[in-house]
Amino acid sequence: MISLQSSKVLGATIKDLIIPAERVAHVQVKNNLEHALLVLTKTGYTAVPVLDPKYRLHGLVSTTHIMDSILGLERIEFDKLEHMIVEDVMNKELPCLNVTDTVEKGLELLVDHPFVCVQDENDVFEGILTRRTILDRLITHFQTNETKKDPEA
Ligand code: AMP
């Protein structure tokens, strides 16, 4: 059963849990795949958001998308990296959140994704909500409430 305390945390907005856009590694739609692979490798992230010069969100690109696109019949065609652009290989079908959405909605989307992008009503990228951040918040919440229930614990 969901307690009043739990509904308070699940019903709160994701606003305070977002990693803001300026701290999120991203690539631009027209960047070539060599640049995108460099960003992904250097940051160690599996996927990063794809933005346009006006900071609008267009998709996500991952190392898997890139490697898949240069996979030839007999070899990996690394020379293609320089000539192909992110827009050609990115995933455009992605779930998105708004800053006013609830933690519960974020949690539901994060079941299937390690992070979800957050954008405003004009598709301008605001940041990301990660599975790690939301799980951290829930653990803190449950631990705090356990201690309140049982001060000896
Ligand atoms: P984490 O929960 O920190 O392991 O992050 C999960 C995924 O979210 C990473 O693999 C990245 O794809 C993405 N991510 C997390 N933090 C950032 C960031 N600062 N910039 C870009 N992507 C990020």
Side-chain angles (χ1 to χ4, degrees), residues 2 5-71 76-147:
I2 296 180
Q5 291 294 336
S6 300
S7 69
K8 203 169 148 194
V9 79
L10 291 175
T13 71
I14 57 166
K15 196 166 173 277
D16 299 335
L17 301 177
I18 297 169
I19 300 177
E22 61 274 15
R23 285 180 38 215
V24 177
H26 72 272
V27 293
Q28 295 272 324
V29 266
K30 301 291 180 199
N31 283 153
N32 67 20
L33 296 191
E34 188 174 18
H35 175 80
L37 196 56
L38 205 68
V39 171
L40 287 161
T41 308
K42 283 279 181 197
T43 57
Y45 295 135
T46 42
V48 290
V50 181
L51 308 181
D52 67 17
K54 290 188 170 161
Y55 246 67
R56 282 176 306 217
L57 179 68
H58 287 254
L60 288 183
V61 72
S62 68
T63 309
T64 312
H65 290 132
I66 296 176
M67 293 311 284
D68 199 43
S69 72
I70 60 166
L71 211 57
I76 300 173
E77 296 167 350
F78 286 108
D79 41 314
K80 279 189 174 174
L81 286 175
E82 204 186 329
H83 307 291
M84 292 176 71
I85 59 171
V86 169
E87 199 171 31
D88 298 335
V89 305
M90 69 187 184
N91 177 13
K92 297 175 190 156
E93 303 296 316
L94 65 164
C96 272
L97 288 163
N98 188 278
V99 269
T100 55
D101 281 331
T102 61
V103 169
E104 184 172 9
K105 182 165 180 195
L107 201 54
E108 279 165 10
L109 293 179
L110 287 167
V111 169
D112 293 322
H113 307 272
F115 74 100
V116 177
C117 291
V118 183
Q119 61 183 12
D120 71 11
E121 57 287 352
N122 300 315
D123 293 349
V124 174
F125 181 64
E126 303 248 17
I128 58 172
L129 180 69
T130 68
R131 199 181 274 164
R132 181 195 299 267
T133 318
I134 215 157
L135 285 177
D136 266 353
R137 166 60 64 95
L138 291 178
I139 288 167
T140 309
H141 171 78
F142 290 129
Q143 284 173 344
T144 313
N145 283 289
E146 279 306 307
T147 321

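Numbering of ligands and ligand atoms starts at 1, following listing order. Computed from heavy atoms alone, side chains included, the values below leave out hydrogens, waters and symmetry copies.
- Under 4.0 Å from ligand 1, not a single heavy atom of T43 appears.
- Of the N or O atoms in P114, none lie within a sub-3.5 Å distance of an N or O in ligand 1.
- Given atom 12 (O) of ligand 1, the protein heavy atom at minimum distance is A47 O, 2.6 Å.
- Ligand 1 lies within reach of R23, whose nearest heavy atom is under 4.0 Å from it.
- Checking S62 against H65 by side-chain atom types alone, a donor-acceptor pair falls below 3.5 Å.
- Using bins of under 30°, 30° to 60° and over 60° for the plane-to-plane angle, the ring pair H26/Y55 lands in the perpendicular bin.
- The protein non-hydrogen atom at the shortest distance from atom 3 (O) of ligand 1 is R132 NE, 3.0 Å.
- For D112, there are no side chain to side chain contact (heavy atoms under 4.5 Å, CB included) partners, not counting sequence neighbours.
- For atom 5 (O) of ligand 1, the nearest non-hydrogen atom of the protein is T130 CG2, 4.3 Å.
- The one candidate from K92, K30, H58 that meets the side-chain hydrogen bond (donor to acceptor under 3.5 Å, both in side chains) condition with E87 is K30.
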- Hey, mind stepping through L40 and I66 against side chain to side chain contact (heavy atoms under 4.5 Å, CB included) and telling me if it holds? CA-CA 10 Å; L40 287 161; I66 296 176; 3.8 Å; yes
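- Shortest contact from atom 8 (O) of ligand 1 to any protein heavy atom: F115 CD2, 3.2 Å.
- A search for side chain to side chain donor-acceptor pair (under 3.5 Å) contacts involving T64 returns nothing, not counting sequence neighbours.
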- Are L33 and K80 close enough, and set up right, to give a side chain to side chain contact (heavy atoms under 4.5 Å, CB included), and what steps lead you there? CA-CA 8 Å; L33 296 191; K80 279 189 174 174; over 6 Å; no
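- Contact atoms of ligand 1 toward T46: 10 (O), 12 (O) (distance under 4.0 Å to a heavy atom of the residue).
- Of all protein heavy atoms, the one lying nearest to atom 9 (C) of ligand 1 is Y45 CD2, 3.5 Å.
- Looking at V48 next to ligand 1, no N or O pair under 3.5 Å apart turns up.
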